[in-house]
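Excluded from the calculations below are hydrogen atoms, water molecules and symmetry mates; all remaining heavy atoms, backbone and side chain alike, are included. Letters A, B, ... mirror the listed sequences (proteins, then strands); counts begin at 1.
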Amino acid sequence: MESLDKQIRDKARELLTSGAFACVMGYERATDGKTARPLFAYTPEEAERFVFDQYCTHNLARYLINWRDNKKSVGIVAKPCDTRAINLLINEKQIDRSKLYVIGVACQGIMEVGWGAPTEKLELRCNTCSEPNPVLHDLLVGEFKSESPAAAKAYADVAAIEGKSAEERDGFWQEHFSRCIRCYACRQSCVGCYCQECFVDELDPLWVGIKVAPAENTVWHTIRAFHLAGRCISCNECERVCPVDIPLSLLNRKLEKDGLELFQFQAGMDASVTPPFATFKKGEKLGTGD
Amino acid sequence: MHQAISKQVLKAWLRDMMVSRTLRQAQGRLLIAPVAEAGMVMYRAVDKVEDIVFKFANTVLSPKEFFFPITDTLFTLRQKDGHPELVTPTMEKDAVLFGIRPCDALGLKIIDRPFLDEPADARYKERRERTTLVGLACSDACPECFCTSMGTAPDDAANVDIMLTENGEDYLVQAVTNKGKALLDGVALKEADTVSTSVVTPKKVPAENIGSAMLKAFDSLYWSRVADRCIHCNICSYVCPVCYCFDIRDYTSRGEVQRVRSWESCEAAGFTKLAGGADIRPNKGARMRQRFAHKLLYMDKQFGNLVGCTGCGRCVKYCPVNIDIREIINDVQKMAVEK
C-alpha cells in the first residue's frame, strides 16, 4: 500500500489543481525535524510537504472556522477524533459540509510530544479512544479497523476524582488552577471555543476580572467546561497546549461521562443527531435527580 | 585566582539570607529560587533551601514575573474619615533572586528601558532596586536556545549582581556589583584549586542587522502565511522574558477601588480594539508581524541598539504550533537578500 504521506499529497495536489479549493490543511515536519506542525498548502507544490505520522497531534478542525466565509472549498487531513470535531461544527451550523473535503486518516494513535521531544507514549485521548476510524470522510487513508478498542478504562481517572470528598476535589483543583497564567491557549486550541466574543473577554457585563488569581481562574475554567458540556469531543488539545500542565481533560471527560450516562450521547459521532442541550422534550424531567 | 563557594556553604548562605543578619535586614530577605512543581521547574518564594532545584535547564516562566508580575495591584483607593486615601503597596522586605540564567538577566536589562526610563514604573523600580540577582551559569545548552546570537552567553555575568558557575563540587563566584559584594559580605569563600567548568555552545541564529532586514520583509505576505497556523493564544508572550504588554482595569467593591494590571499579549484578538470599535490590527497576519517587529525592529528604533529577544528559546519550546523565532529570523534574512 502507498504511504500515508503519498496518499495525502496526491489528493491534496489534485484538489489544489482543480481550482475549486482555496487551501488544504494537513501536517508538515516541525523545526525540530522530528515532530509535526500544521501546514496550509495553497499550491500543488506546497502539497509536497505534507506528512502524517504518530506525531500529528493537532486538531486541525480548529482552523475551519477561519474559512467559514471563504467562497472556495477547503480540504483537511483529519484523524478520527478530528472528524468528530468537524461533525460538531456541522451540527452547530458553523461550516458548510459541501465546501469541505475530508481526508480521513484511520490512525494508529498519537504519541505525546513536545517540541524536540517526541515520545513513544500514547496520548491519553488515544488510550481512552472508542472510535479509531474517521466518522466522516471523503477519502479514507490508513488501515480501517474493524474492532474498536475497549473503552472500559476511559473514565478510570475521572472516577478516581469523583470518589474524593468535596474538600479533596476543591483542594485538587485549587492547586492546579492557582498555577493558571490565563494565556487562554486552552480556548484558542479548542474547536468548540469559536465564540466571536468569549465571556471572559466581555466587559459589560464583566463575568471575570483580569486578576490572575485562584477565584478568577476557577470561574474561567468552570464556565469554559460547562460551555463545552455535550460538545467536547475529547481531542484533549487544551491539555496538550497548556504550558503549566493543568489536567483539563478530567473536567471535560467528567462532563462527557455524565452526558453518556444521562443521555447516552457522545458529541460529534453523528452530525445529524441534535445534542441533548440543544433539545427540549415535553415531559422531560428537570434536574438530574431520580 | 578564582573565588569559589562549596555547595555546603552555598546552602548555608541561602538559608542565612532568609533570616535576620544585620540591623538593616532585620526581617531577613525574601528568597526566590527555582523549585520543582507538578513536574515543572518554576521560580517561587521559598522558605526551605531543601526545596531549591540546583540542576535544571530553565524554568517554564521567566523570572520577569517577580518584577512585572502576571497580576499586580498598582494602588488601592478608599475612604478614610470621609477623605479619599490612596494606598500603594510596597515590598515587605528586600529580595534575592537565586538561579537566574544569563538570558533571563538580559531580559530584565532590556525591559529596564520601558519600565525605568522616566517616568519610571514605581512598582517595577522598587522591585529591581531591592532585589539582588544571583546568576547561575548554564552547564548545558537547551536544544531551543540561541543566546550567543542575541548578545549574551551561557556564562555571561554582565546583567547579574553575583554569578555562580558550577565547578566540580564547588561553584565559582564572581561578585559583579556592589549589591552583590554586600550580599557576599562575611561568606566563607575559598580559592578554587582547579577550574573545570563545562563549555556550552548554543546554536547560532543569523541575527546581525535583523532590524533592517525586518524593514525589507515588512510588507511580505509571509506574515499572514505564518499566522495561518498561529492559534493566537498568549503563550509566547507569557513565557517570554522580554514581552511586557499589559492590561489595566479597576476592581470596585464596597467603596474601594483597586487598580489591577495583568499581562496581555499582542497576539490576542481584540488587543488593539479601540473605543468606538476600530481595531488597528484586526487580522492574524498583522498581529503576528507585530510581535516579531516589536522585538527585532521597534525596540531598536525606540531605545537604540536594543533587540527584544534574549535567545532563551521558551517561545520555540512552548508554542503549540511550532512558530519558531529562529526560523523566522532566517526567513527574514533571506527575504531581505532577495529584495
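- With a 4.5 angstrom heavy-atom cutoff, B:Ile248 touches chain A only via backbone atoms.
- In this structure, the side chain of B:Arg225 engages the main chain of A:Phe40 through a donor-acceptor pair within 3.5 Å.
- In terms of modelled atom types and a separation under 3.5 Å, the side chain of A:Tyr63 and the main chain of B:Arg229 share a donor-acceptor contact.
- For chain A, no part of B:Glu264 is nearby; none of its heavy atoms comes within less than 4.5 Å.
- The choice from A:Glu237, A:Arg37, A:Glu197 that makes the most heavy-atom pairs within less than 4.5 Å of chain B is A:Arg37.
- Heavy-atom distances place the side chain of B:Val60, and not its backbone, under 4.5 Å from chain A.
- When atom types are taken as modelled, the side chain of B:Tyr251 and the backbone of A:Lys211 share a donor-acceptor pair closer than 3.5 angstrom.
- Looking at B:Asp228, the atoms closer than 4.5 Å to chain A (heavy atoms on both sides) sit in the backbone and in the side chain alike.
- The most heavy-atom pairs under 4.5 Å with chain B, out of A:Glu175, A:Arg62, A:Arg182, A:Met25, come from A:Arg62.
- Contacts of B:Cys230 with chain A are made by backbone atoms alone, with heavy-atom separations under 4.5 Å and no side-chain atom involved.
- Contacts of B:Arg44 with chain A are made by side-chain atoms alone, with heavy-atom separations under 4.5 Å and no backbone atom involved.
- Among the candidates B:Glu144, B:Glu267, B:Lys317, the residue making the largest number of heavy-atom pairs closer than 4.5 Å to chain A is B:Glu144.
- Within the 4.5 Å cutoff, the side chain of B:Trp263 has no heavy atoms near those of the A:Cys183 side chain.
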